[in-house]
Visitor: 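For reference, the structure I am asking about is given below.
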Amino acid sequence: MISEIVRRLAAASPHPTITTFPETRMPISRTLSSLTLAAALALSGAVLTGCSDEPAPAVAKKETAAGSETSAAPSASAGTLEYASMKDIRDINPHLYLGEMAAQAMVFEALVENTPEGVKPKLAESWEISEDGRTYVFHLRKDVKFTDGTAFDAAAVKANVDAVLANRSRHAWLDMVNEIEGNDVVDEHTWRLRMKHAYFPTLVELGLSRPFRFISPACMKEGGTKSGVTCLVGTGPWVLSEHKLDQYAVFARNDAYWGEKPSIAAVRWNVIPDPQTMLMALEKGEIDLVFGADGDQLTGDAFAALTESGKLRTALSEPVASRAILVNAGRPVTSDLRVREAVQYAVNRDAIVQGILHGTEAAAETLFAKNVPYCDIPLTVRWYDPKKAEAILDAAGWVKGKSGVREKNGEPLSLRFYFNAQNAQEKTIAEAIQADLAKIGVDVRVIGEEKQAFLDRQKTGDFELQYSLSWGAPYDPQSYLSSWRIPAHGDYQAQRGLAQKHEIDATITALMTEPDEGKRADMVKQVLTTITDAAVYIPISYSRTKAVYGARVGNVGFAVTQYEIPFERMTLEAK
């Protein structure tokens with residue numbers, strides 16, 4: 001039984017390392033019987049996640065919207081979807097970055113929702129925006145309660161937004177937090193947001209997975225959330241009814257949910273850190289679903305083999321984010337634009353897409369795909385051309401020595417490529433790039449680090465090459481570009497050596513508060529043209545989210561963002 005598998009794994013490794021980004025394991029064989037799944041979901045992303053040694057807050061114990069206890073979560077035969085992840089949900093306080101975003105989104109909701117058709121109402125049923133674009137008045141739904149019985153009203157909205165603003169420095173990656181001037185309760189079901197400037201992504205960012213999600217004020221500590229919460233009570237379609245750290249979590253259906261209720265009675269989030277065990281559980285029907293964001297949790301090799309086997313169902317989202325390699329303009333060797341250009345021409349991204357990603361993703365021409373807002377613009381494309389790469393290095397004075405490695409003034413052309421050691425796909429891509437660059441006389445040392453060391457290296461800028469992934473919809477491009485100004489990010493460090501860095505940051509700052517659509521488009525074009533011409537990103541592919549699931553699961557689809565899983569739309573046949 002899956003519970004016994006989880007129990008044995010927990011006993012063998014009671015405290016697995018908590019990391020802050022999606023993980024993978026080693027690539028899998030093309031033969032299904034010997035496949036090694038590369039991981040289930042770990043939906044988080046650069047700067048959007050964090051880790052902590054603090055204990056998780058108390059779980060909202062089996063409460064309905066009226067605050068009374070329900071029975072224990074139903075068994076699998078009664079309608080429980082068994083989901084597998086390599087990571088525990090951890091602390092899903094919606095105002096912090098300590099837990100899995102997919103789990104947070106099951107319990108906590110926002111005022112608005114980002115959809116393929118744009119921003120739509122959620123906990124707010126309508127809103128008005130002032131002519132100067134600085135004031136938003138939201139009319140809240142009147143039929144919503146938190147699952148502890150607390151009313152969802154304007155006072156609850158203000159309490160939550162004030163709790164976020166009390167921790168502004170932690171949320172500085174999201175420029176909206178810096179742009180909020182204040183917020184007011186107009187009446188019981190009307191709330192007003194006041195901005196310093198006409199900040200154009202306001203509605204989009206109110207709908208993100210965090211931090212503007214709503215927790216019952218009864219859960220707050222001294223009226224806030226930055227020091228933790230006493231319970232995890234939201235308004236969403238699911239209630240966290242049970243959580244055993246590093247083993248499993250059970251999300252029961254909220255039968256008093258204000259919206260369309262899930263057809264599935266419960267979702268059990270099983271923590272299975274061993275990929276072979278996860279695969280065995282999938283094959284035996286003990287696990288119903290594995291869901292992988294950006295391709296790192298479920299490698300292209302794994303996905304292709306599972307699809308070809310026909311024993312399990314697979315699904316693939318539309319492109320959701322940009323996979324790229326940072327080339328650090330602030331390091332001695334890569335500070336030379338000619339070296340950065342040569343490196344780009346030397347990377348065979350088509351071979352990576354076909355050989356490593358098995359054609360599940362499209363090779364990237366530029367950092368963002370053309371369908372990303374403001375990004376359908378003419379930019380320089382540096383397709384694979386090793387002869388051109390060699391000619392550029394020759395002209396720059398980098399001459400091949402007897403060892404085959406280029407040298408200049410007695411120094412070898414040697415680069416360090418850092419990746420997350422837990423991520424097999426990153427390692428494989430790094431090794432492919434290492435081989436490509438060796439052909440033109442560039443020595444690349446591929447270095448795997450534990451996740452926290454990898455993240456710390458991003459903050460210091462002590463790298464020549466490093467793996468990068470954009471945040472995807474609806475963060476791209478505006479929120480992702482905004483983060484380029486944060487020194488703790490690898491993007492900032494890679495760009496810091498550019499003479500145009502100040503101009504890039506200033507343009508992004510102006511972009512975020514520019515009310516004119518045409519001027520915003522020009523600003524994005526200016527930033528992306530400068531970055532592309534500076535060759536600080538090697539575009540690889542446009543990543544896609546993958547799902548593998550059993551025959552009894554229906555209506556498997558994808559959210560707008562790669563960080564959420566739409567469990568509430570899924571159906572489940574009884575075993």
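Values in this document were obtained by computation on a predicted structure and should not be read as measured data.
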Visitor: Is there a donor-acceptor contact under 3.5 Å from the side chain of Glu407 to the main chain of Val399?
Guide: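 Judged by distance alone, no pair lies under 3.5 Å.
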Visitor: Does Tyr345 offer a backbone N or O that forms a donor-acceptor pair with the side chain of Arg382 under 3.5 Å?
Guide: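 No, the answer is negative, given that no donor and acceptor are paired below the 3.5 Å cut-off.
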Visitor: Between Glu205 and Tyr199, is there a side-chain donor-acceptor contact under 3.5 Å, judged purely by atom types and distance?
Guide: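 A pair is found: one side chain offers a donor N or O, the other an acceptor, under 3.5 Å apart.
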Visitor: Output, in order, the C-alpha distance, side-chain angles, deciding distance and verdict of side-chain contact (heavy atoms from CB on, under 4.5 Å) for Val524 and Leu511.
Guide: CA-CA 8 Å; Val524 173; Leu511 160 70; 3.9 Å; yes
Visitor: Counting distance only, does the side-chain N/O of Arg340 pair as donor-acceptor with the main-chain N or O of Ala329 below 3.5 Å?
Guide: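 Between the backbone of Ala329 and the side chain of Arg340 there is no qualifying donor-acceptor contact (under 3.5 Å).
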Visitor: If the threshold is 4.0 Å, N to carboxylate O, is there a salt bridge linking Lys311 and Glu283?
Guide: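 The answer is no: the pair does not qualify as a salt bridge.
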Visitor: Decide ring pair (Phe, Tyr, Trp, His ring centres under 6.0 Å) for His171 and Tyr97; before the verdict, give the C-alpha distance in whole Å, the side-chain angles of both, and the deciding distance to 0.1 Å.
Guide: CA-CA 9 Å; His171 308 299; Tyr97 302 83; 5.5 Å; yes
Visitor: Between Thr380 and Asp533, is there a side-chain heavy-atom distance shorter than 4.5 Å?
Guide: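 The answer is yes; the side chains approach within 4.5 Å.
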Visitor: With a 4.5 Å cut-off on side-chain heavy atoms, are Asp376 and Asn371 touching?
Guide: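 Counting from C-beta outward, Asn371 and Asp376 never come under 4.5 Å.
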Visitor: Using a strict 4.0 Å threshold on nitrogen-to-oxygen distance, state whether Glu361 and Lys546 make a salt bridge.
Guide: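 Lys546 and Glu361: salt-bridged.
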Visitor: Taking the basic N atoms (NZ, or NE/NH1/NH2) and the acidic carboxylate oxygens, is any pair closer than 4.0 Å for Glu390 and Lys400?
Guide: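 A salt bridge links Glu390 with Lys400.
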Visitor: Just one of Val320, Asp476, Leu208 clears the side chain to side chain contact (heavy atoms under 4.5 Å, CB included) bar with Trp471, so which one?
Guide: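 Single pass found, and it is Asp476.
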Visitor: With a distance cut-off below 6.0 Å to the six-membered ring centre and an angular limit of 45° from the axis, does Arg520 pair with Phe200 as a cation-pi contact?
Guide: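 Satisfied, under 6.0 Å and within 45°.
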Visitor: Could you walk me through whether Leu469 and Gln562 satisfy the side-chain contact (heavy atoms from CB on, under 4.5 Å) test, starting with their C-alpha distance in whole Å, then the side-chain angles of each, then the deciding distance to 0.1 Å, before giving a yes or no?
Guide: CA-CA 12 Å; Leu469 188 74; Gln562 61 182 321; 4.2 Å; yes
Visitor: Hey, what do you get for CZ (Phe454) to CD1 (Ile447), rounding to the nearest 0.5 Å?
Guide: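 Taking CZ in Phe454 and CD1 in Ile447, the distance rounds to 12.0 Å.
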Visitor: Taking atom NZ of Lys519 as the centre, report whether more than 12 heavy atoms of other residues, nucleotides or ligands fall under 6.0 Å from it.
Guide: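 For Lys519, atom NZ is not crowded (no more than 12 foreign heavy atoms under 6.0 Å).
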Visitor: Under 6.0 Å between the ring centres of Trp173 and Tyr492?
Guide: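 No, the ring of Trp173 stays outside the 6.0 Å limit from the ring of Tyr492, centre to centre.
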Visitor: Given side chains that start at C-beta, do those of Ser209 and Tyr475 come closer than 4.5 Å, heavy atoms only?
Guide: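 Of all side-chain heavy-atom pairs linking Tyr475 with Ser209, at least one is under 4.5 Å.
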Visitor: List the atom of Phe419, the atom of Val446, and the distance in Å for their closest heavy-atom pair.
Guide: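 Heavy-atom minimum between the residues: CE2-CG1, 3.3 Å.
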Visitor: Are the side chain of Lys87 and the backbone N or O of Glu100 linked by a donor-acceptor pair below 3.5 Å?
Guide: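 Not a single qualifying donor-acceptor pair exists.
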Visitor: Where is the tightest heavy-atom contact between Thr507 and Val527, given as atom of each residue plus distance?
Guide: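 Thr507 and Val527 have their closest heavy atoms at CG2-CG2, 3.7 Å.
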Visitor: Are side-chain N/O atoms of Glu426 and Tyr418 paired as donor and acceptor at under 3.5 Å?
Guide: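 There is no such pair between these side chains.
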Visitor: Does any part of the side chain of Trp383, heavy atoms only, come nearer than 4.5 Å to the side chain of Glu365, both counted from C-beta?
Guide: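 With C-beta onward as the side chain, the pair touches.
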Visitor: Would you check if the distance from the ring center of Phe291 to the ring center of Phe558 is below 6.0 Å?
Guide: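 Yes, ring centres under 6.0 Å apart.
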Visitor: Please determine whether side chain to side chain donor-acceptor pair (under 3.5 Å) holds for the pair Gln526 and Asp522, giving the CA-CA distance in whole Å, both sets of side-chain angles, and the decisive distance to 0.1 Å.
Guide: CA-CA 6 Å; Gln526 178 183 338; Asp522 288 341; over 6 Å; no
Visitor: Please report whether the ring centroid of Tyr83 lies less than 6.0 Å from that of Tyr549.
Guide: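 Ring centroids of Tyr549 and Tyr83 are no less than 6.0 Å from each other.
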Visitor: Identify the two heavy atoms, one from Arg496 and one from Thr460, that lie closest to each other, and give their separation to 0.1 Å.
Guide: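 Scanning both residues completely, I find the closest heavy atoms to be NH2-O, 4.3 Å.
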Visitor: Kindly compute the distance separating CH2 (Trp398) from CD1 (Ile440), expressed to the nearest 0.5 Å.
Guide: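 It comes to 12.0 Å.
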Visitor: For the pair Thr532 and Leu367, evaluate side-chain contact (heavy atoms from CB on, under 4.5 Å) and give the outcome as yes or no after the intermediate values.
Guide: CA-CA 8 Å; Thr532 302; Leu367 181 58; 5.8 Å; no
Visitor: Go through it in stages, so that I can follow the logic: the residues are Tyr537 and Asp491, the test is side chain to side chain donor-acceptor pair (under 3.5 Å), and I'd like the CA-CA distance, side-chain angles, deciding distance and then a yes or no.
Guide: CA-CA 9 Å; Tyr537 291 88; Asp491 304 86; 2.5 Å; yes
Visitor: In Å, rounded to the nearest 0.5 Å, how long is the span from CG of Leu415 to CD of Gln434?
Guide: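 Between Leu415 CG and Gln434 CD, I get 11.0 Å after rounding to 0.5 Å.
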Visitor: Taking the side chain from Glu564 and the backbone from Ala559, do they hold a donor-acceptor pair closer than 3.5 Å?
Guide: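 Not a single qualifying donor-acceptor pair exists.
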Visitor: Under 4.0 Å between a side-chain nitrogen and a carboxylate oxygen: does that hold for Asp336 and Arg338?
Guide: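 Salt bridge: yes.
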Visitor: Judged by atom type as modelled, is there a donor-acceptor pair below 3.5 Å linking the side chain of Glu450 to the main-chain atoms of Gln452?
Guide: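 Looks like no, no N/O pair under 3.5 Å.
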Visitor: Indicate yes or no for a side-chain donor-acceptor contact from Asp288 to the backbone of Gly550 under 3.5 Å, with no hydrogens or angles considered.
Guide: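 Side chain of Asp288 to backbone of Gly550: no pair is present.
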Visitor: Determine the minimum heavy-atom distance between Asn178 and Ala172, stating which atoms define it.
Guide: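 Closest pair (atom of Asn178, atom of Ala172, distance): ND2-O, 3.6 Å.
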Visitor: Assess whether a salt bridge exists between Asp443 and Arg406, defined as any Lys/Arg side-chain N lying under 4.0 Å from an Asp/Glu carboxylate O.
Guide: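 Result for this pair is no, no salt bridge flagged.
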Visitor: Would you say the side-chain atoms of Ser468 pair up with the backbone N or O of Leu326, donor to acceptor, closer than 3.5 Å?
Guide: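 No, the answer is negative, given that no donor and acceptor are paired below the 3.5 Å cut-off.
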Visitor: Test side-chain contact (heavy atoms from CB on, under 4.5 Å) on Gln478 and Asp175; report intermediate values, then the result.
Guide: CA-CA 10 Å; Gln478 73 287 335; Asp175 215 21; over 6 Å; no
Visitor: What distance separates Ser482 OG from Met176 CE, expressed to the nearest 0.5 Å?
Guide: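 The CE atom of Met176 is 12.5 Å from OG of Ser482, to the nearest 0.5 Å.
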Visitor: Using a strict threshold of under 4.0 Å (side-chain N to carboxylate O), is an ion pair present between Arg485 and Asp505?
Guide: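 Salt bridge flag = no for Arg485 with Asp505.
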Visitor: Looking at Lys408, I want to see if its NZ is surrounded by more than 12 non-hydrogen atoms of other residues, nucleotides or ligands under 6.0 Å.
Guide: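 Enclosed: over 12 neighbouring heavy atoms sit under 6.0 Å from NZ of Lys408.
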Visitor: Quick one: do Tyr467 and Arg323 satisfy side chain to side chain donor-acceptor pair (under 3.5 Å)? Show the steps, please.
Guide: CA-CA 8 Å; Tyr467 189 85; Arg323 197 186 304 280; 2.3 Å; yes
Visitor: Do any N or O atoms from the side chain of Arg544 and from the backbone of Ser317 form a donor-acceptor pair under 3.5 angstrom?
Guide: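 Judged by distance alone, yes, a pair lies under 3.5 Å.
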Visitor: Glu464 and salt bridge (charged side-chain N to carboxylate O under 4.0 Å, His left out): which single residue from Arg457, Arg445, Arg416 fits?
Guide: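 Testing each of Arg457, Arg445, Arg416 against Glu464, the sole residue satisfying salt bridge (charged side-chain N to carboxylate O under 4.0 Å, His left out) is Arg416.
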Visitor: Carefully, step by step, assess Tyr480 and His489 under the rule side chain to side chain donor-acceptor pair (under 3.5 Å).
Guide: CA-CA 11 Å; Tyr480 182 52; His489 293 192; over 6 Å; no
Visitor: Is a side-chain donor or acceptor of Asn409 paired with a backbone partner of Glu411 at a separation under 3.5 angstrom?
Guide: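 Such a contact is absent between Asn409 side chain and Glu411 backbone.
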Visitor: Taking atom CG of Leu379 and atom CG of Leu528, what is their separation to the nearest 0.5 Å?
Guide: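 That separation rounds to 6.0 Å.
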Visitor: Could you pull out the closest heavy-atom pair between Asn328 and Gly461, with the gap in Å?
Guide: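 So the minimum-distance heavy-atom pair works out to ND2-O, 2.8 Å.
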Visitor: So do the side chains of Pro211 and Pro94 get within less than 4.5 Å of each other, counting heavy atoms only?
Guide: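 Side chain of Pro211 against side chain of Pro94, heavy atoms only: no contact under 4.5 Å found.
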Visitor: Just so I know, are the side chains of Ile433 and Phe417 near enough to count as touching, which here means a heavy-atom distance under 4.5 Å?
Guide: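 With C-beta onward as the side chain, the pair touches.
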Visitor: With heavy-atom distances below 4.5 Å as the criterion, would you say the side chains of Met512 and His197 are in contact?
Guide: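 No. Closest side-chain heavy atoms not under 4.5 Å.
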Visitor: Say you draw a straight line from CD1 of Ile325 to CD1 of Ile352; how long is it, rounded to the nearest 0.5 Å?
Guide: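 Atom-to-atom, Ile325:CD1 and Ile352:CD1 are 7.0 Å apart.
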